[in-house]
There are 2 protein chains.
Amino acid sequence: MESEEQYLKNYDASRFPSPIVTVDSVLFTLHEKQLCVLLVKRSQHPFQGLWGLPGGFIDLQQDNSTQATATRKLAEKTGITPSWLEQLETFSGPNRDPRGWSITATWFALIAWEACQPHIATVSDVQWCPVANLESEALAFDHATIIASALQRLRQKTMYSLLPVYCLPDTFTQTQLQEATEAILGQPVQRKSLIRRFEASGMFEDTGQSVATGARKARLWRRKPNIPVHLFSRNLLPE
Amino acid sequence: MESEEQYLKNYDASRFPSPIVTVDSVLFTLHEKQLCVLLVKRSQHPFQGLWGLPGGFIDLQQDNSTQATATRKLAEKTGITPSWLEQLETFSGPNRDPRGWSITATWFALIAWEACQPHIATVSDVQWCPVANLESEALAFDHATIIASALQRLRQKTMYSLLPVYCLPDTFTQTQLQEATEAILGQPVQRKSLIRRFEASGMFEDTGQSVATGARKARLWRRKPNIPVHLFSRNLLPE
DNA sequence: AGAATAGTGTCTGTCAGACAGTATGGG
DNA sequence: CCCATACTGTCTGACAGACACTATTCT
């Protein structure tokens, strides 16, 4: 009987046909009260010239997880790592990639628009696309489906957490959080409800500063470091 | 400039090193008020002889998604397809499989114990392991981590849906649902709260039959066909 | 009748929705 | 001083928790 050591020495990974494996990310941000998603113009086949999600192949030498691949690819396109990153579904099948049976591990990310802008402004193959305009864009692969799944996740989590803060700059006002929440949900929310949650979450601290946006000054807040996202036991907007 | 057609004709998927790709499932059931998970004894290296999750390689000819792989492997071990199946996280990295850089798409499934028993009773390499006994089991790969993730998902969903019914036979009593819920959450729940949700969900219909379990007869219910799982806007047991 | 299980009535507490009311700072 | 924006007070309604109560069936 063969030992595990011997088995591993003789193991040839290429013996079995393997699917094409990729990693793709859906990075959202907020800009001018619009929820936007990051798209990259494809410079290579397949779907050359179309817009698609940032992503690509795993680098088996460098990446020690698909999360590392996602982070690396996002950093290439935005110059930074997103302030929120979590795994979404994995999509697979024989027909979603014309090159053959494929599987893509997808990630869902949030970032402040301001944080990426310095880098994105310098390149022409990366754009923020408002989700409202997605219908008129033809996207590569099944990326429209992946974005729809990410949007659903984002909306769901916005109902029972304050996740939208990860779309805001380091310091922000309660009104900005409200606007972010409303842009994501596509409908108004009660400011009072949001502020009750804001206080109950224990996730934020007052910077002591304030900013004028026209009339009365608004207090500036920041996320406390190393505090996990608070999950509420009730949803906003329960229909 | 190369056309996409030409590019695809010349494309050789084996040009790039590819990770090992597998699919694994965490199938839960309820037996004697205990939440159990399906384990399979590994007949092959690596981890030969240890218990692990049911799963394996994608059959690129037969399977048209990782869901098909999960269903196929579960059917091999239990004789049937689970009544609930949804995707969990995908785990990846250079060290989780001694054969090399690997990725496993994992699925989370529920089934009634009674439905599998005829098949499972006939084989010796498959067992239901109560989750309470998992600590003392050495499992293959990172399967303990995968089960922990599945358990967390199950508990979370039990708080805001009636998912535990998918661990019950086709017809069941409200008391059975309560016991399932309590076994999953590991603590008692208010029967009244559960029944309020049961009625509000619109997911069930009375069979007209009833069953005696010692004293007063209990009504037997069944899931209405083709009704999606109802999600409540509040959690049970909000701490 | 008594025991055990099935199922209901109803009070309290929590928190979201609604919206009126107060505070602050720029013209 | 006016008004826009920031922020607070407080009432209502929905629904979970708690637990006492009634109903049914077996011995």
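Per chain, numbering begins at 1; letters A, B, ... match sequence-line order. Computed over heavy atoms, backbone and side chain alike; hydrogens, waters and symmetry mates excluded.
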Does the side chain of [Y] come within less than 4.5 Å of [X]'s, by heavy atoms?
X: Ile103(A); Y: Thr22(A); value: no
X: Phe198(B); Y: Leu177(B); value: yes
X: Arg42(A); Y: Phe141(A); value: yes
X: Phe108(A); Y: Leu85(A); value: no

Roughly, in whole Å, what's the span from [atom1] in [X] to [atom2] in [N]?
X: Asn235(B); N: dC15(C); atom1: CG; atom2: P; answer: 12 Å
X: Ile195(A); N: dT5(D); atom1: CD1; atom2: C1'; answer: 12 Å
X: Leu194(A); N: dA18(C); atom1: CG; atom2: P; answer: 14 Å
X: Glu199(B); N: dA6(C); atom1: CD; atom2: C1'; answer: 13 Å
X: Gln176(A); N: dA6(D); atom1: CD; atom2: C1'; answer: 13 Å
X: Gln187(A); N: dA16(C); atom1: CD; atom2: C1'; answer: 14 Å
X: Tyr160(B); N: dA16(D); atom1: OH; atom2: P; answer: 15 Å
X: Asp206(A); N: dA6(D); atom1: CG; atom2: C1'; answer: 13 Å

Salt-bridge present (Glu86(A), Lys157(A); N to O < 4.0 Å)
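Between Lys157(A) and Glu86(A) there is a salt bridge, with a charged N closer than 4.0 Å to a carboxylate O.
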Please tell me if [X] has a side-chain N or O lying less than 4.0 Å from either OP1 or OP2 of [N].
X: Gln174(A); N: dC7(D); value: yes
X: Arg219(A); N: dC7(D); value: yes
X: Gln190(A); N: dA18(C); value: yes

For the helix from dA1(C)-dT27(D) to dG27(C)-dC1(D), what angle separates the axis at the start from the axis at the finish, each from five pairs, in steps of 10°?
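Overall, the helix from dA1(C)-dT27(D) to dG27(C)-dC1(D) bends by 10° from one end axis to the other.
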For residues 216-224 of chain B, please give each side-chain donor-acceptor pair under 3.5 Å, one per line with the distance, not counting sequence neighbours.
unit_1: Arg222(B); atom_1: NH1; unit_2: Glu205(B); atom_2: OE2; d: 2.9
unit_1: Lys224(B); atom_1: NZ; unit_2: Gly202(B); atom_2: O; d: 3.3

Along DNA chain C (nearest heavy atom to each residue), the more 5'-positioned of Ala215(A) and Arg234(B)
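By nearest-heavy-atom nucleotide position, the 5'-most residue is Arg234(B).
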Polar side-chain contact Arg197(A)-dA16(C) base: donor and acceptor under 3.5 Å:
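Side chain to base: no pair below 3.5 Å.
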Under-3.5 Å donor-acceptor pair between Lys192(B) side chain and dG17(D) base:
no
Counting the atoms with a prime plus P, OP1 and OP2 as sugar-phosphate, which does [X] contact under 4.0 Å by heavy atoms, base, sugar-phosphate, or nothing?
X: Thr213(B); result: sugar-phosphate
X: Arg191(A); result: base
X: Thr175(A); result: sugar-phosphate

Taking the side chain of [X] as its heavy atoms from C-beta onward, which of [options] lies nearest to it?
X: Arg216(B); options: dT8(D), dA23(D), dT25(D); answer: dA23(D)
X: Leu237(B); options: dA16(C), dT8(C), dG17(D); answer: dG17(D)
X: Arg196(B); options: dA16(C), dG7(C), dT10(C); answer: dT10(C)

I would like to know whether Tyr166(A) and Phe28(A) meet ring pair (Phe, Tyr, Trp, His ring centres under 6.0 Å); could you show each step before the answer?
CA-CA 10 Å; Tyr166(A) 291 95; Phe28(A) 290 110; over 10 Å; no
Do Thr104(A) and Asp24(A) have a side chain donor and acceptor closer than 3.5 Å?
yes
